[in-house]
Amino acid sequence: MKRLLSFALLGLGLAAPAFADLALATSKNCMSCHAVERKVLGPSFKDVAAKYKGNAGAADMLATKIIKGGSGVWGPVPMPANNQVSEADAKKLAAWVLSTR
């Protein structure tokens, strides 16, 4: 069954890790304020990836923002702190967001 799901995801153009990180983003409530391709309350993940393209420290900076929150970069609405997200999950999420270009 797992193999069938992997082939189905590849057929859709989705790699299994990308799908898993979308699931992680959904489970951590990221999708309440963000979407992959369009602005919701916060910027789209593709816009975030484009803004930080080529920035070597972007993944660590975004992981910190995921946990601690932030403001002023994308407008007046602050991103709240997400203390329930572990450092490891924040790093996975940041890497995934940066890969959505």
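Just so you know, these numbers use all the heavy atoms, side chains as well, and skip hydrogens, waters and symmetry mates. Bear in mind the structure is a predicted one, so any value in this text is a computation, not a measurement.
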S.K.: With the 4.5 Å side-chain cut-off for hydrophobic clustering, are Val48 and Val40 part of the same group?
M.R.: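 Unlinked, Val48 and Val40 end up in two clusters.
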
S.K.: My understanding is that a hydrophobic cluster links ILVMFWY residues whose side chain heavy atoms are under 4.5 Å apart, including indirect links. Using that, what else belongs to the cluster containing Leu41?
M.R.: Val77

S.K.: Restricting to salt bridge (charged side-chain N to carboxylate O under 4.0 Å, His left out), what partner residues turn up for Lys51, sequence neighbours left out?
M.R.: none

S.K.: Under the rule for side-chain contact (heavy atoms from CB on, under 4.5 Å), what residues qualify as partners of Thr26, not counting sequence neighbours?
M.R.: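 Listed in chain order: Leu22, Met31.
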
S.K.: How long is the gap from CG on Leu93 to OG on Ser27, to the nearest 0.5 Å?
M.R.: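 Result: 7.5 Å between the selected atoms.
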
S.K.: Could you pull out all donor-acceptor pairs under 3.5 Å where a side-chain atom in residues 52-71 meets a protein atom, sequence neighbours excluded?
M.R.:
| residue | atom | partner | partner atom | Å |
| --- | --- | --- | --- | --- |
| Asn55 | OD1 | Gly57 | N | 3.0 |
| Asn55 | OD1 | Ala58 | N | 3.3 |
| Thr64 | OG1 | Asp60 | O | 3.1 |

S.K.: Suppose the criterion is side-chain hydrogen bond (donor to acceptor under 3.5 Å, both in side chains): which pairs have a residue in residues 34-49, not counting sequence neighbours?
M.R.: Ser44-Asp47

S.K.: Taking side-chain hydrogen bond (donor to acceptor under 3.5 Å, both in side chains) as the definition, give me every residue that meets it alongside Thr100, ordered by chain and number, with sequence neighbours left out.
M.R.: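 Thr100: no side-chain hydrogen bond (donor to acceptor under 3.5 Å, both in side chains) contacts found.
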
S.K.: Among all residues two or more places apart in sequence or in another chain, which pass the salt bridge (charged side-chain N to carboxylate O under 4.0 Å, His left out) test with Lys28?
M.R.: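 Expected list: Asp89.
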
